[in-house]
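Report on the following structure.
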Amino acid sequence: MRDVRVLLIGGTSNVGKSTVARVVAEKLGFACVSTDGLARHPGRPWRTPEREVPAHVAEHYGSLTVDELMASVLGHYDRLWPRIEELIATRTAEGHGRTGMVLEGSALWPVHAARLQAPRTAAVWLTADDSVIRARVRAAGLYDEATAEEQTLMDQFLARTERYQKLMIEAVDRLGLQRIDAGGGQSAERLAELVLTAAAAQTTAGRLSTGR
């Protein structure tokens, strides 16, 4: 792969970004970082054995429309972007050291990434059919066993997730960036290879040398 020091992996929630990013980072000997660690937006609104749904998260998904949920999360990503850009710039700066970074997260909104001036940076967005995302979320949240109220919160999360992906794909395609279907049953290992192949062919973040 060319001298890439930062590899961005974007995509909607539950598309597999974290899993693929860890495999890619291991292959490259890079650090693996999530944008969630920089600043969190209200997270996933379902219980796990270790965690109850916080009241503010339940209120967020229970009181806002899908349009309002989208406006909220995109506003959060706008505010977070300067910190992401600074992190990328630091990692790609000359003399920073030899360890690169795989940065993954939904906060890697294509419109922001397309404006990056940072050298040695590549970017790929993962996608999956809505039915795949829906099945993963419902499995994670034990949807069939959940209460009606819990199902409503998951439904709102899913509606926002699907809307996010629709807008993301439109932006990726309009800007001539690269995306990879991560919902076809490929292993994380195979997806990591596809991501690395895509990154190797780019001359600027997200774009091939041919401009596509």
Side-chain angles (χ1 to χ4, degrees), residues 9-26 32-77 80 102-110 124-172 179-195:
I9 301 179
T12 197
S13 181
N14 288 83
V15 78
K17 301 183 300 298
S18 299
T19 301
V20 173
R22 285 192 293 269
V23 176
V24 171
E26 183 175 353
C32 187
V33 180
S34 172
T35 59
D36 285 348
L38 303 178
R40 287 195 67 86
H41 195 256
R44 299 171 180 180
W46 56 82
R47 289 183 291 113
T48 68
E50 301 81 22
R51 169 186 174 275
E52 292 291 328
V53 178
H56 74 279
V57 174
E59 181 180 3
H60 180 76
Y61 289 101
S63 64
L64 300 181
T65 66
V66 177
D67 286 343
E68 289 168 337
L69 289 171
M70 277 302 305
S72 175
V73 76
L74 290 180
H76 171 68
Y77 295 158
L80 184 57
V102 177
L103 180 63
E104 63 87 11
S106 298
L108 301 174
W109 190 241
V124 176
W125 283 263
L126 303 184
T127 65
D129 190 82
D130 285 348
S131 63
V132 173
I133 301 294
R134 194 174 305 119
R136 290 176 180 174
V137 168
R138 289 182 171 178
L142 300 177
Y143 187 89
D144 292 339
E145 302 171 23
T147 66
E149 181 180 357
E150 290 169 336
Q151 289 181 348
T152 296
L153 296 180
M154 277 186 268
D155 289 341
Q156 283 291 90
F157 178 87
L158 270 169
R160 191 205 73 178
T161 297
E162 291 170 4
R163 178 78 63 83
Y164 173 99
Q165 178 165 254
K166 179 177 184 294
L167 296 175
M168 183 201 79
I169 289 174
E170 289 174 356
V172 165
R179 57 184 172 97
I180 293 171
D181 180 7
Q186 306 99 315
S187 67
E189 183 79 16
R190 173 57 180 159
L191 288 170
E193 292 293 344
L194 292 174
V195 167

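Note that the numbering runs from 1 along the sequence shown for the chain. These figures come from a predicted structure and were not determined experimentally.
When the shell of 6.0 Å around CD of Glu68 is examined, it contains more than 12 heavy atoms from other residues, nucleotides or ligands.
The line from OG1 of Thr35 to NE2 of His76 is 7.5 Å long, rounded to the nearest 0.5 Å. Atom CZ of Arg47 sits about 9.0 Å away from atom CD of Glu145, to the nearest 0.5 Å. Taking CG from Leu69 and CZ from Arg163, the interatomic distance works out to 9.5 Å, rounded to the nearest 0.5 Å. Atoms CE and CG, on Met154 and Leu142 in that order, are 7.5 Å from each other to the nearest 0.5 Å. Rounding to the nearest 0.5 Å gives a distance of 6.5 Å between CZ of Arg51 and OG1 of Thr48.
In this structure, the side chain of Tyr164 does not engage the main chain of Val73 through any donor-acceptor pair within 3.5 Å.
The minimum heavy-atom distance between Cys32 and Ala25, with the atom names listed, is CB-CB, 3.7 Å. Nearest heavy atoms, Ala159 versus Val66: CB-CG2, 3.6 Å. Closest heavy-atom contact between Met168 and Gly11: SD-CA, 3.6 Å. Between Ala107 and Leu80, the shortest heavy-atom contact is CB-CD2, 3.9 Å. In this structure, Val23 and Ala192 approach most closely via the heavy-atom pair CG1-CB, 3.5 Å. Of all heavy-atom pairs between Val15 and Arg136, the closest is O-NH1, 3.1 Å.
Evaluation of the ring pair (Phe, Tyr, Trp, His ring centres under 6.0 Å) rule for Tyr61 yields Phe157 as partners, not counting sequence neighbours. With sequence neighbours left out, the side chain to side chain donor-acceptor pair (under 3.5 Å) criterion links Ser34 to Glu104. Every residue two or more places apart in sequence or in another chain was checked for a salt bridge (charged side-chain N to carboxylate O under 4.0 Å, His left out) with Asp144, and none qualifies. Partners of Tyr143 under the side chain to side chain donor-acceptor pair (under 3.5 Å) rule, at least two apart in sequence or in another chain, are Asp155. Taking Ile169 as the reference, Thr127, Gln165, Asp173, Arg179 meet the side-chain contact (heavy atoms from CB on, under 4.5 Å) condition, with sequence neighbours excluded. Under the salt bridge (charged side-chain N to carboxylate O under 4.0 Å, His left out) criterion, Arg134 pairs with Glu162, not counting sequence neighbours.
Contact annotation: the side chain of Trp109 approaches that of Leu167 to within less than 4.5 Å [non-hydrogen atoms, C-beta and beyond]. Residues Ile9 and Leu108 have side chains not in contact (no heavy-atom distance under 4.5 Å, counting atoms from C-beta outward). In this structure, the side chains of Thr12 and Ile133 come closer than 4.5 Å at one or more pairs of heavy atoms. Side-chain atoms of Val20 and Leu126, non-hydrogen and from C-beta on, do get closer than 4.5 Å to each other. Between Leu158 and Arg138 the shortest side-chain heavy-atom distance falls below 4.5 Å. You'll find the side chain of Gln156 stays beyond 4.5 Å of the side chain of Pro45, heavy atoms only.
Look at Lys166 and Glu170 and you find a salt bridge, because one of the NZ, NE, NH1 or NH2 atoms lies within 4.0 Å of a carboxylate O, short of that distance.
No hydrogens or angles considered: a donor-acceptor pair under 3.5 Å links the side chains of Asp129 and Ser131.
A perpendicular orientation is assigned to the rings of His60 and His41, their planes being inclined by more than 60° (bins at 30° and 60°).
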